[in-house]
Chemist: 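Next up is a structure, given as structure tokens.
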Amino acid sequence: MDVLTKKERSKQMALVRSKDTKPELLVRRLVHRLGYRFRLHQRDLPGRPDMVFPSKKKIIFVHGCFWHGHTCRLGRMPKSRLEYWVQKIARNHQRGLAVVRQLRAKRWRCLVLWECQLRDLDKLTVRVRHFLESRI
Ligand SMILES: [Zn+2]
């Protein structure tokens, strides 16, 4: 059973949908603390990427597991209106992949971080640093 009522669920969805989601804020704070400067949601790039590092030509996306259909516990579908969510999330997932493809074609390097990968801050720090410092 869905633990949330319909009303609670839509309230939660509305929260998750907003731009400055919690997972994204967490990554932003971490990257900022590491001393990197970035631009937010640059409009002239495909998908308005979450964090853009212009001089490095690198981009970090933070994907909510539910919204982008990650194959983890957080990405599980709600029981109600299953078909609706399956379609919606499949579209988000496809769009996300297409955006990364377009950016890579324009020689941007992209790192996609999933919400469920943010719990281990040490690991996350190593990953972000490695991504931003590597020259490949
Ligand atoms: Zn996940």
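The analysis underlying the following values was restricted to heavy atoms, covering all of them including side chains, and did not include hydrogens, waters or symmetry mates. Whatever order the structure lists ligands and atoms in, that order sets their numbers, starting from 1.
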Chemist: Return the orientation label for the Phe38 and Phe53 ring planes: parallel under 30°, perpendicular over 60°, tilted otherwise.
Modeler: tilted
Chemist: Leaving out waters, which are not shown anyway, how many protein N, O or S atoms lie closer than 2.8 Å to the Zn ion (ligand 1)?
Modeler: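 If we list every protein N, O or S atom nearer than 2.8 Å to the Zn ion (ligand 1), we get 4.
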Chemist: Side chains of Gln117 and His70: is there a donor and an acceptor less than 3.5 Å apart?
Modeler: no
Chemist: For a 4.5 angstrom cut-off between non-hydrogen side-chain atoms, does His41 reach Asp50?
Modeler: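 A side-chain contact under 4.5 Å exists here.
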Chemist: Please name the pair of heavy atoms, one in Met77 and one in Leu82, separated by the smallest distance, quoted to 0.1 Å.
Modeler: CB-CD1, 3.4 Å
Chemist: Do any pairs count as a ring-ring contact (aromatic ring centres under 6.0 Å, His included) and have a residue in residues 88-110, sequence neighbours left out, and if so which ones?
Modeler: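 Passing the test, one end in residues 88-110: no pairs.
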Chemist: Classify the ring geometry between Trp85 and Trp67 as parallel (under 30°), tilted (30 to 60°) or perpendicular (over 60°).
Modeler: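 Rings of Trp85 and Trp67: perpendicular, over 60°.
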